[in-house]
Amino acid sequence: MHFNFLYIPIGVPTFHLESAGTEFEKSKKLLAELDGAVEVPDEMLLSIDKLNTFTADKNPDLVIVQNITFANGAYIAEVLRRFDCPVLLWTLREPVIDGGRLRLNSLTGAFSAANVLKSFCRPFEYIFGSPEEENVKRKIAATIRAARVKKAMKSLNILQVGHTPQGFGFGRALDMEMMTTFGATLSSIEARELIDKAKTFTDKDVKSYLDDAKTRITGLDKIKEKNVLDFARLYRAYDEYVKANNIGALSSRCWPDFFTAFGTPVCSVLAMLGDLGIAAACEADTYGALTMYISQFLTGKPAFFGDPVSMDEGENTVTFWHCGTAACSLAREDTGACAGVHCNRKIGPTLEFGCKAEKHVTIFRIGKKADGTFRFFIAGGEALDKPQQFLGTSIVVKTDANASDTVYGAVNSGWEPHFAVAMGDITSELEALANMLGIEVEKF
């Protein structure tokens, strides 16, 4: 995926150019340090002609428009006329306040630019401050990462394996809706296609897959040999399909088909895919898979996927759990990822472990309101050092906000029962992404 963004320092030559030049050099240095994909002009763009010359042959995925000095609304209008991509508007702090000359007048320029942005009905991010300020660095970095996710989704192929079970319709996705809102391409196959493919593999065909699984999962020798071999067959079937079709995220039907038609659960296969960098959600929850993909993209780590199943008001915690699909790399180091049997069906292998501690996590969900419009659920917290809470895989999150308020608020707002727990603080990135996509945020 090729990604690039532009630094567009606009202004007029009637202000204090020495001060402006100093901020220009500091800004270029900061942006290059944050992300090497930046393109910067050789000089400040102090006329519309210079602006147009710099932008003439460009096709950015993000523009950072900085009022290096005051500039009237015609400058930003030229940018918006040329580019249909996310915008970050950056106001510089006045370098000196001494009763003398106004050096930059950047803030007034920002008001002019924002007025035009609103007239164009274009969402934008905004930051006020100098290049050396930490909040400026964080905001710009988060906006760049959000723009990278937005670009990545345009080439994302999502696979929907089978249909959601009865009563789980919240996870169903429509191909056109997925493409028009998120840019991703959605394809669908029946679960039996991968089951039938798995059945064609001999024990020898799946030896390398079983060997790989044994490096990640302990206790497979305690599961019935036939089930372990059938798991390896499913692992190869899914892996080959994913690679052949360039799949970046998938949702898979699990019960009852894989128990009744194949005799072995798909849970551990989804866990394997997670460790291979493929966001994989169970119960055919496609918007859950996209939620996991975004989480994984922003953190570089697999996301936990599960149900909120318990709350402890005294500890201010919410426990998330599922039958045994979490990526092995999330397991506590003292136990590792252990093999077990499904808590209801008593067939294995599933995964059994509590997740390791993580100082900062983000609870995230792409959901829908009753009218069909999308919304983001975002809540920060810390994953505590807790052992496995229930059969399956679990993670205990101490929420930044009051846990009771979070649970009551989410239930009363009608949120879906599946959430991703991202291994890092990606709140700012998600808020910026939602703004870029025109999606409402509910922050808890």
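The residues of the chain are indexed from 1 along the displayed sequence.
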Inset, instruction - In sequence, state the C-alpha distance, the side-chain angles, and the governing distance for Arg192 and Asp257, and then conclude on salt bridge (Lys or Arg N to Asp or Glu O under 4.0 Å). - result: CA-CA 8 Å; Arg192 60 175 168 74; Asp257 307 58; over 6 Å; no
Inset, instruction - Mind telling me whether Tyr7 and Phe24 have parallel, tilted or perpendicular rings, with 30° and 60° as the class edges? - result: parallel
Inset, instruction - Using the six-membered ring wherever Trp is involved, compare the ring planes of Phe182 and Tyr287 and label them parallel, tilted or perpendicular (cut-offs 30° and 60°). - result: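 The rings of Phe182 and Tyr287 sit tilted, inter-plane angle from 30° to 60°.
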Legend entry - Lys NZ or Arg CZ of Arg236 over Tyr209 ring: under 6.0 Å, within 45°: no
Please report, to 0.1 Å, the donor-acceptor pairs under 3.5 Å made by any side chain of residues 162-169, with sequence neighbours excluded.
residue : atom : partner : partner atom : Å
His163  : NE2  : Glu190  : OE2          : 3.3
Thr164  : OG1  : Arg172  : NE           : 2.6
Thr164  : OG1  : Arg172  : NH2          : 3.3

Legend entry - Lys58 NZ: over 12 foreign heavy atoms closer than 6.0 Å: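 Enclosed.
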Legend entry - Flag if over 12 foreign heavy atoms under 6.0 Å of NZ, Lys199: yes
Inset, instruction - Could you list the residues that satisfy salt bridge (charged side-chain N to carboxylate O under 4.0 Å, His left out) with Arg82, not counting sequence neighbours? - result: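 Salt bridge (charged side-chain N to carboxylate O under 4.0 Å, His left out) check on Arg82 returns nothing, list empty.
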Would you list the atom pairs, donor with acceptor, under 3.5 Å between side chains in residues 259-268 and any protein atom, with sequence neighbours excluded?
residue : atom : partner : partner atom : Å
Thr260  : OG1  : Pro256  : O            : 3.0
Thr264  : OG1  : Asn227  : ND2          : 3.0
Ser268  : OG   : Pro349  : O            : 2.9

Inset, instruction - Mark yes or no for whether Arg216, through its side chain, and Cys328, through its backbone, hold a donor-acceptor pair below 3.5 Å. - result: no
Legend entry - Qualifying residue for salt bridge (charged side-chain N to carboxylate O under 4.0 Å, His left out) with Lys368, from Glu416, Glu177, Glu440: Glu177
Inset, instruction - Taking the six-membered ring for Trp and the full ring for Phe, Tyr or His, determine whether the centres of Phe304 and Phe320 are under 6.0 Å apart. - result: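 Centroid distance Phe304-Phe320: not below 6.0 Å, so no.
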Inset, instruction - Inspect the contact between Asp425 and Lys359 and indicate whether a charged nitrogen and a carboxylate oxygen are less than 4.0 angstrom apart. - result: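 The answer is no: the pair does not qualify as a salt bridge.
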Legend entry - Arg365 versus Phe170, closest heavy-atom pair with distance: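 Taking Arg365 first and Phe170 second, the nearest heavy atoms are NH2-CD1, 4.0 Å.
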Legend entry - ring pair (Phe, Tyr, Trp, His ring centres under 6.0 Å) between Phe364 and Phe376, intermediate numbers included: CA-CA 7 Å; Phe364 175 43; Phe376 280 9; 5.1 Å; yes
Legend entry - Residue pair Glu352, Thr350: steps toward the side chain to side chain donor-acceptor pair (under 3.5 Å) verdict: CA-CA 7 Å; Glu352 302 290 324; Thr350 59; 3.2 Å; yes
